[in-house]
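Here's the structure, in structure tokens; my notes come after.
Computed from a predicted model, the values in this text were never measured in an experiment.
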Amino acid sequence: MTTSKIVEGWVFDVQEEPVGIGVWIIDREGRTRKLLHGFKPYFFLTGNWAAIKTAIQRLERWHAPIYLEQAEKKEFYSDRPVPCLKVSTDSPPAYSKIIRALTTEKERPWDLYTCDIPVTQLFFIETGLFPTAKVGVEIESRNSLISSISITDSPWETDYSLPPLQIMEIDMEGGSGNPAHRPMGRLIVKIDQREMIIDEDPLISLKQIISRYDPHVIVSRWGDSYLIPKLQKLAAQRNESLPFGRESSGEVPKKRGRSYFTYGKIVFTASSHTFKGRWHLDLENSFTVRECGLEGLIELARLSKIPIQRMARTSTGTCISSMQVDRAIKDGYLIPWRKSQVEDFKTAEELLVIDKGGLTYRPVPGFYEQVAEFDFASMYPTLMAKFNLSPETVNCRCCPDASTVPEIGFRICSRREGLIPKTIRPLIEKRKQYKEKVKSAADPILKEIYDRRQSAHKWCLVTCFGYLGYKNARFGKIEAHESTTAWGREMLLRAKEVAEQGGFRFLHGLTDSLWVKKTGAKKEDYLELGKLMEEKTGIPIALEGIYRWISFLPSKQDPRIGVPSRFFGLFDTGKLKVRGLMARRHDTPGFVKKAQEEILAMLTQARDRKEYKEILRTRVQSLIETCMDGLMGGKMNPEELSILKRLSQDPMGYEHGTMTAAVAQELLARGVKLMPGEAIQMVITDASAKDPSLKARALGFFDLPHTYDQGKYREIFLEAIKELDLDGILEGMLRGTPIVDLSGIGLPQDQGPGRQKIRVGPLDR
DNA sequence: AAAGTACGGGG
DNA sequence: GTGTACGTACTTT
């Protein structure tokens, strides 16, 4: 006879077992234990009777027990009921194999649905559990088998309690860049408010620390790509164990690193090293943790029901996609598998009208005072929710006379609410609640937590839109994407018209923001305008702020025209807003960033044009001189000089001998493996050298006798200065210096060999 | 001059 | 486990 017992705590992690799902629970005291749940993953088969019969014959070849059940579900796009067969098994490994076998068979007469959802996620959807859910679990105490679960928590809760987590941090000394790109340094471990630098054997020390503190979370920098595999290799060489996880079997499951294209550029995701019963989070391999912290990560995992360690390594797009799957399953739909859907036919002229994206205007470059900026809050998600924009609602079969999208005339279903609007509506609402809590919370720590959570939501909503346009997305359709941008253009146009009718001058517009001014207008006038714009568009628009001054930068190719999204300005609150300046770029040397930021900080004291110029003439000039002295004296440290570049190619795949190619090849020769999308850091040694290998060196291997290219760095520095210039004040101060061409019509760029030796102008003494 | 290479945005 | 924009700017050939 078995006795039962209740375990109370939080769901910490889940994992696939040979049979069932392992559920890690943390109790109030912080103790971690694993329980077993008998969940049976399932998928659906559709087809005629003969097809199903053949499929069943295939299934009978498997030795794992298989359960069959008749069911009726709805087809997603048509919304029609479909009779189908639910196939389930109690073994997750067998489940994957069966699906692979049934989907790879050529000319199969059956179709599979709901068959490519990760098993752990299917488990969460089916049981209503989610990562960090507060639960009471009834188990048979003899074998830890779960007999029932009560959930006292909800993903929609804004004030939830979390388990007490002991967090350990590991890093390697020697700077912020990738430690694989420099000689090996010592380990740094932080835990329990203590910092330890490991001088002794790293394996022995780590084992001691882990067994003493038993952390729930290991937060690393470069853990996935370097630290963890390096330590494991070391352990393997010595035939020792290294218990990162709480289970010896299947220690550190691993997925290969990969490079992939997204938003027009290649990015690299390092191979993941996750632990069983303990979270490993790599700050350098997790957008969500870096941008929104552990709080944001937990928030997204709770909503998407993606286990924490996977959520950390995946995109916010996957998060929203997962929520859509959850919604669709709950609504009784068959989940389409690996969608391959062609765009509806369009003529060439139609394409021209449709594929326009967001509206961008060209600002007239220059320095303006008393300018207001208005922003539509989460414009695209709001439009998707308001106008029911979703793959299955655009040009649906059921509503031939439905209302249409402006410009492009697509029809939108009036019969059913789309999956996308249904999914994001509560998200928009929850984000709003968090934003209100940020404002009202008295405790600064709580404020910060709410802010990180709302920021995580924001990223989800942003990617949700991008995802709509991806033709192979599970729930995406290009026409839905185009309808969203068409409505967006319409809304920006309406707002612009309202402003102009009110006598405001329209200075600049960018997708969901607009900049306007009217001489003598007060804050109340702008607020009034905002209200009018809201009335005219029907969607929320906020006064982002009133700038004391704002500078729209000119194009470098044609100084008469401005460029969208390169500007900086000072709000009347004293806050700066900076877009597209060199300080915002990853490939700007650190000292240039720092100098530009310092100058901007000085300029926050300027209330108008006159004071701006005065600050340039006085404080900025002396800052430039100091910085130039350090640079030209050859004393600048390599970290400050380093430039970061992301590889777009395999190191040997470059056609041109650029600095990036040369340094990637240098690292390769030193045994560093590099993938497209990975970042490297370099110091420019001689930008004009004929031999590419002399142009620059990898930061990690830059030391004596190398010297940096003072002339080149000077040019870069002066470019950054020029961005902040007004009425040629700084240019005038710097005139007469050789090499430097501030006006764009001065001396030629290349002054022959040895830039370092070139005589420098008055500023450099 | 043309082609190759890389960046930001969003907050 | 997804996402191949778009405009600008610089370098190399």
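- Atom-to-atom, NZ of Lys690(A) to P of dT12(C) comes out at 10 Å; the value is rounded to the nearest Å.
- Proximity of residues 286-300 of chain A to DNA chain C (heavy atom under 4.0 angstrom from any strand atom) is not detected for any residue.
- Proximity of Lys695(A) to the phosphate of dT12(C): a side-chain N or O atom is located under 4.0 Å from OP1 or OP2.
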Applying the Watson-Crick and G-U criteria (both distances under 3.5 angstrom) with [ ] for crossing and | for other-strand pairs, one obtains for DNA chain C .....||||||||

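- As rounded to whole Å, 9 Å separates atom C1' of dG1(C) from atom CZ of Arg474(A).
- The residues Glu291(A) and Lys458(A) are annotated as not salt-bridged, no charged nitrogen and carboxylate oxygen being separated by less than 4.0 angstrom.
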Check: protein-nucleotides 8-10 of chain C nitrogen or oxygen pairs below 3.5 Å:
{"residue": "dT8(C)", "atom": "OP1", "partner": "Arg362(A)", "partner atom": "NH1", "Å": "3.2"}
{"residue": "dT8(C)", "atom": "OP1", "partner": "Arg362(A)", "partner atom": "NH2", "Å": "2.5"}
{"residue": "dA9(C)", "atom": "OP1", "partner": "Lys556(A)", "partner atom": "N", "Å": "2.8"}
{"residue": "dA9(C)", "atom": "OP1", "partner": "Arg566(A)", "partner atom": "NH1", "Å": "3.3"}
{"residue": "dA9(C)", "atom": "OP2", "partner": "Ser555(A)", "partner atom": "OG", "Å": "3.1"}
{"residue": "dA9(C)", "atom": "OP2", "partner": "Lys556(A)", "partner atom": "N", "Å": "3.4"}
{"residue": "dC10(C)", "atom": "OP1", "partner": "Lys556(A)", "partner atom": "NZ", "Å": "3.1"}

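- Rounded to an integer number of Å, the gap from CG of Leu122(A) to P of dG1(C) is 17 Å.
- For an aromatic pair to be called close, the ring centres must be under 6.0 Å apart, and Phe374(A) with Trp515(A) fails this.
- In this structure, OG1 on Thr274(A) lies 12.0 Å from CG on Asp282(A), to the nearest 0.5 angstrom.
- Under the rule for a side chain to side chain contact (heavy atoms under 4.5 Å, CB included), the partners of Glu436(A) that lie at least two apart in sequence or sit in another chain are Lys432(A).
- Here Lys594(A) does not pair with Glu597(A) in a salt bridge; the nearest charged N to carboxylate O distance is not below 4.0 Å.
- If you measure from atom CG of Asp587(A) to atom P of dG8(B), you get 6 Å, rounded to the nearest angstrom.
- Using a 4.0 Å cut-off between a side-chain N of Lys or Arg and a carboxylate O of Asp or Glu, Arg474(A) and Asp116(A) qualify as a salt bridge.
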Please tabulate, one pair per line, each protein N/O and nucleotide N/O from nucleotides 1-5 of chain B that are separated by under 3.5 Å, including the distance.
{"residue": "dT5(B)", "atom": "OP1", "partner": "Glu655(A)", "partner atom": "N", "Å": "2.9"}

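- The ring of Phe475(A) has its center closer than 6.0 angstrom to the ring center of Phe76(A).
- With rounding to the nearest 0.5 Å, the separation of CZ in Arg697(A) from CG in Asp686(A) is 11.5 Å.
- Regarding Met659(A), its CE atom lies at a distance of 8 Å from the C1' atom of dT11(C), rounded to whole Å.
- Tyr450(A) and Gln433(A) share no donor-acceptor pair across their side chains, judged by distance under 3.5 Å alone.
- The pair Glu731(A)-Lys722(A) does not count as a salt bridge, with every side-chain nitrogen at least 4.0 angstrom from each carboxylate oxygen.
- Using a 4.0 Å heavy-atom criterion, one finds that Leu644(A) contacts the sugar-phosphate atoms exclusively.
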Quiz item: For Ser322(A) and Gln121(A), what are the C-alpha separation, side-chain angles and deciding distance, and is it a side-chain hydrogen bond (donor to acceptor under 3.5 Å, both in side chains)?
Solution: CA-CA 8 Å; Ser322(A) 170; Gln121(A) 203 180 317; 2.6 Å; yes

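- Shown here is Lys577(A), whose NZ atom has more than 12 heavy atoms of other residues, nucleotides or ligands within 6.0 Å.
- Within 4.0 Å of Gly580(A), counting heavy atoms only, lie sugar-phosphate atoms of the nucleic acid but no base atom.
- Rounded to an integer number of Å, the gap from CG of Leu553(A) to C1' of dG7(C) is 15 Å.
- In this structure, the ring of Tyr547(A) has its center less than 6.0 angstrom from the ring center of Phe571(A).
- Of the residues in residues 375-385 of chain A, none lies under 4.0 Å from DNA chain C by heavy-atom distance.
- If you measure from atom CD of Gln681(A) to atom P of dC7(B), you get 12 Å, rounded to the nearest angstrom.
- Between Asp224(A) and Arg313(A) there is a salt bridge, since at least one side-chain N of the basic residue sits less than 4.0 Å from a carboxylate O of the acidic one.
- The base of dG7(C) does not come close enough to the side chain of Arg579(A) for any donor and acceptor atom to sit less than 3.5 Å apart.
- Considering every non-hydrogen atom in both Arg452(A) and Glu295(A), the closest pair reads CB-CB, 4.2 Å.
- The separation between Phe567(A) atom CZ and dG8(B) atom P is 15 Å, rounded to whole Å.
- In this structure the side chain of Leu514(A) never reaches within 4.5 angstrom of the side chain of Tyr361(A), judged on heavy atoms.
- A distance below 6.0 Å separates the ring centres of His280(A) and Phe275(A).
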